[in-house]
Each structure stands twice: as structure tokens, then as C-alpha cells.
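Model, not experiment: these values are computed from the prediction. In this chain, residues are counted from 1 in sequence order. Only this structure's heavy atoms are used, side chains among them; waters, hydrogens and symmetry mates stay out.
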Amino acid sequence: MKSVGIIGGSGFAGEELIRLLSSHKNTSLIAVSSRELKGKKVSQMVEDCNLTFVDPDDVIFFDCEVIFFATPHGLSMYQAATFLEKGIKVIDLSADFRIKDDQIWEDWYGTKHADLNNLEKSVYGLTELNLDLIKSGELIAVPGCYPTASILGLLPLIKSNNKIESITIDAKSGISGAGRAKVESSLSEEIVDDFVAYAVDGHRHLPEIKQGVELICKKEVNVSFVPHLIPTMRGIFASIYVQVSDLEKDLDLDVMFSSYYQDSLFVEILTGKNLPSIKAVCRNNKCNIAIRRTSIPGQVLILVTIDNLLKGASGQAIECFNLMEGFDASTGLN
């Protein structure tokens with residue numbers, strides 16, 4: 001049994017983490033923090049959890065073997081080092097250790113990075129990309145929800161020998177991605193019977209997506225990304241258009257993608273007339289992908305769905321935890 005704690009357990013992703021870790025057969029969840037809910041029973045959020053919310057600075061967290069951060073950006077980069085120095089592993093669901101270039105971080109998040117040493121050491125926690133690195137990692141940066149859907153959809157094509165000219169990502173998310181405070185204040189009512197684009201001048205997940213794509217392609221790639229909110233609580237549906245300069249007419253894209261993900265526990269390639277839907281991945285850790293050629297020569301359309309709170313956040317964090325501790329990657333996720 002591994003003793004674990006969650007710092008920042010009052011948000012939607014934190015709630016999912018509590019639920020997953022409470023039922024994980026190899027873990028003992030010993031502490032969950034929330035400044036706002038300090039002293040209140042965790043069972044008011046997750047029925048079977050008998051803990052009480054504590055302060056994030058409570059010394060009980062030093063009794064943990066693994067700490068999960070489910071905090072807003074700008075917090076874990078000040079706190080992670082304290083645990084790492086004591087041999088406590090850290091799995092961070094915030095953005096603090098995802099962007100490797102600290103200048104790009106500063107440009108998009110408006111503050112200097114506070115822990116460049118651990119930023120360099122952090123492992124990007126996309127299990128389908130960095131499996132071996134995650135197994136030996138001590139600080140895992142869990143990818144954002146949009147980058148998870150986008151990069152999973154792109155991996156087989158951008159890791160092939162095809163020349164990528166441009167990538168356009170049209171992504172839609174349920175409102176839980178905006179955070180509990182916004183949803184409970186007004187967003188859940190505002191979005192009824194509506195569908196809106198946001199951050200059209202630049203979303204913070206764009207540099208994360210570009211970083212992943214360009215590290216694989218080993219060159220600069222033109223990437224456009226526009227997110228939308230749809231009137232549902234959870235789930236992401238990404239429509240990804242990839243322009244390929246030398247796309248072979250007889251290349252079987254279904255075979256390419258199915259071969260790439262043949263050993264994946266959670267990614268399923270849909271073929272024939274089957275297409276992804278949010279309902280099929282809601283409240284599970286699956287990623288469904290379908291591939292089509294469009295009417296534009298050399299253009300590939302990749303459709304991807306995930307649950308933003310599971311495969312796009314807490315579920316993926318559990319995958320990383322399982323790999324780090326030598327458990328089967330699916331433990332606690334079936």
C-alpha cells in the first residue's frame with residue numbers, strides 16, 4: 001500500500017482524484033487539502049471518504065510517499081521541491097511543470113517560473129508517449145485536457161515519415177474544464193442552449209500542444225487551436241485537420257493508427273462508419289479516435305473524444321502513478 005495525499009482537492013479534478021484513490025487497491029489516501037473547505041468532511045464531496053479537509057501546509061503530507069497537486073497554476077512550482085527533497089514523488093495536474101521553455105511559460109502565464117531545476121527534470125505525463133520516462137520519474141507533469149486529446153490524435157501521423165505542413169485543432173469541452181467556481185457561480189446557467197468559442201486570440205494550451213508536436217517532428221510546425229464550450233458538464237471532442245504535403249493516396253490511415261495504439265490500454269481506433277462520441281468516453285479513461293480524409297487533397301481529419309476530468313486529468317494522473325509504482329497501468333481505472 002502506498003500512502004498518498006492530494007493538495008487541492010476541492011475542484012472537479014480533485015474530486016475525481018479522491019474518488020479514484022479512495023478505491024485504488026494499492027493506495028491509502030491519508031490527506032486531502034482545501035483552504036476553503038478546511039475542517040469539513042470530504043464525504044460531502046465523495047461519499048465513501050472518511051477524511052477531513054486539512055490545510056495544504058499540514059505536516060501530514062510529509063507522511064505520504066506520493067503527492068498529487070490538483071491546484072491552479074502558479075502554486076505547485078513553489079511547493080513541489082519541498083516534497084521532492086524528502087524523496088516524496090510528485091504528480092502535478094497543474095500547468096506548472098508542463099512547459100519546458102521558461103520564457104514561453106512567462107509569456108503565457110504572466111510570471112517567472114519559480115523552480116527551473118525541477119522544471120528541467122519533470123516528465124510530461126502522457127503515458128502513450130513517455131511510458132519509460134514516467135516509470136522512472138519523480139516529478140510528473142500531467143498534460144492538460146486539450147493537449148491530451150490533441151496529441152493523442154496526432155501521435156501516429158506526426159511520428160510517421162509524412163511531412164506535416166499545418167495543424168488546425170477545433171476543440172469543444174464541457175464546462176467542468178472552466179473550474180468549479182465558474183460553473184457554480186453562473187456558467188452552468190449561461191451555457192444552456194448555447195455554444196461559444198473562447199480564448200480565440202490564444203489559449204494557454206496552445207504552447208503545450210506546439211511543444212509536444214515540435215519535439216516529435218523536430219521542426220517548427222504551424223498549429224492553430226480554438227477551444228469552445230458546449231452545454232454539457234464533461235467531455236472533450238476535438239476535430240483535428242492535418243495538412244500533409246506528401247500524403248500517399250493508398251496509405252491506410254486506420255491501419256497506421258491501429259498499429260500505433262495496438263498495445264494501448266485506453267486508446268481505441270474506431271473504423272468503418274463508427275465515429276467518436278462524448279457519451280462513449282464519459283466517466284471512463286478511454287480515448288476514442290477516428291480518421292478520415294477530407295475533400296481537400298492531402299488533408300487528414302482526426303476526430304478524438306476523451307473525458308476531460310479522467311483521461312484529460314485525474315485518470316491520466318492515476319495511470320502515471322501506477323507506472324511509477326510498478327502497478328498495472330489500468331489499476332483503479334476499470
Side-chain angles (χ1 to χ4, degrees), residues 73 95-110 119 122 124-130 141-173 177 196-230 236-247 251 253 256-257 260-261 267 276 287-306 308 311-313 316:
H73 72 268
D96 285 17
F97 293 97
R98 296 175 190 161
I99 305 296
K100 289 295 189 178
D101 188 321
D102 62 297
Q103 185 57 58
I104 293 177
W105 162 269
E106 183 177 345
D107 291 343
W108 284 88
Y109 288 87
L119 177 62
S122 67
Y124 193 64
L126 191 67
T127 58
E128 291 80 5
L129 178 64
N130 290 328
V142 179
C145 53
Y146 284 126
T148 296
S150 300
I151 297 174
L152 286 177
L154 290 165
L155 274 178
L157 192 56
I158 62 178
K159 293 195 81 171
S160 69
N161 293 323
N162 291 279
K163 297 179 181 178
I164 308 300
E165 293 183 357
S166 65
I167 297 170
T168 301
I169 303 167
D170 176 356
K172 301 92 176 171
S173 173
V196 295
Y198 68 100
V200 295
D201 295 323
H203 189 282
R204 286 169 170 167
H205 283 176
L206 174 59
E208 184 181 340
I209 296 169
K210 277 182 64 68
Q211 172 182 269
V213 169
E214 293 176 353
L215 282 174
I216 295 167
C217 292
K218 295 181 173 58
K219 66 171 187 177
E220 186 173 349
V221 179
N222 291 321
V223 180
S224 174
F225 168 64
V226 177
H228 306 73
L229 285 179
I230 54 178
I236 283 180
F237 195 120
S239 302
I240 307 170
Y241 301 85
V242 184
Q243 196 65 39
V244 184
S245 62
D246 56 349
L247 188 65
L251 177 63
L253 293 167
M256 172 194 282
F257 276 66
Y260 185 90
Y261 285 119
V267 178
C287 170
N288 285 349
I289 300 175
I291 313 97
R292 298 287 189 274
R293 293 173 186 257
T294 77
S295 58
I296 299 175
Q299 188 177 78
V300 177
L301 169 62
I302 306 164
L303 303 174
V304 186
T305 54
I306 62 170
N308 59 302
K311 185 60 175 172
Q316 190 158 221

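- Residues Thr127 and Lys311 form a side-chain contact, since some pair of their non-hydrogen atoms from C-beta on lies under 4.5 Å apart.
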- Item | From CA spacing to verdict: side chain to side chain contact (heavy atoms under 4.5 Å, CB included), Ile230, Phe237 | CA-CA 10 Å; Ile230 54 178; Phe237 195 120; 5.7 Å; no

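- The CG atom of Leu157 lies 11.5 Å from the OH atom of Tyr260; values are rounded to the nearest 0.5 Å.
- Atom-to-atom distance recorded for Ile240:CD1 and Leu152:CG is 9.0 Å, nearest 0.5 angstrom.
- Note that the OG1 atom of Thr148 and the CG atom of Asn308 stand 10.0 Å from one another [nearest 0.5 Å].
- The line from CZ of Arg292 to OH of Tyr241 is 12.5 Å long, rounded to the nearest 0.5 Å.
- Note: Gln243 CD to Ile296 CD1 = 6.5 Å, rounded to the nearest 0.5 Å.
- When side chains are defined from C-beta on, Leu206 counts as touching Trp108, because their heavy atoms get closer than 4.5 Å.
- At a threshold of 4.5 Å between non-hydrogen side-chain atoms, the residues Asn162 and Asp246 count as touching.
- The ring of Phe225 has its center no closer than 6.0 angstrom to the ring center of His205.
- Taken from NZ in Lys159 to CE in Met256, the straight-line distance is 12.5 Å, to the nearest 0.5 Å.
- Contact record, Pro147 with Ile209: CA-CG1, 3.7 Å, taken as the closest heavy-atom pair.
- Within the 4.5 Å cutoff, no side-chain heavy atoms of Tyr146 are placed close to those of Ile169.
- Residues Ile99 and Glu208 meet the side-chain proximity criterion, which asks for heavy atoms closer than 4.5 Å.
- A distance-only check finds a donor-acceptor pair linking the side chain of Ser122 to the backbone of Phe97 [under 3.5 Å].
- His228 places a side-chain N or O within 3.5 Å of a backbone atom of Ala171 that can act as its donor or acceptor partner.
- A heavy-atom distance below 4.5 Å is found between the side chains of Leu155 and Tyr261.
- Looking only at side-chain heavy atoms (C-beta outward), Ser150 and Val304 stay at 4.5 Å or farther from each other.
- At least one side-chain heavy atom of Arg293 sits less than 4.5 Å from a side-chain heavy atom of Leu251.
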Determine all donor-acceptor pairs shorter than 3.5 Å in which one atom belongs to a side chain in residues 211-220; sequence neighbours excluded.
from	atom 1	to	atom 2	distance (Å)
Gln211	OE1	Lys100	N	2.8
Gln211	NE2	Arg98	O	2.8
Glu214	OE2	Lys210	NZ	2.7
Glu214	OE2	Val221	N	3.0
Lys219	NZ	Ile164	O	3.4

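- Residues Cys145 and Ile236 share a closest heavy-atom pair of CB-CD1, 3.5 Å.
- The two residues Tyr124 and Pro143 come nearest to each other via the heavy atoms OH-CB, 3.2 Å.
- Between the side chain of Asn288 and the backbone N or O of Pro276, no donor-acceptor pair lies under 3.5 Å.
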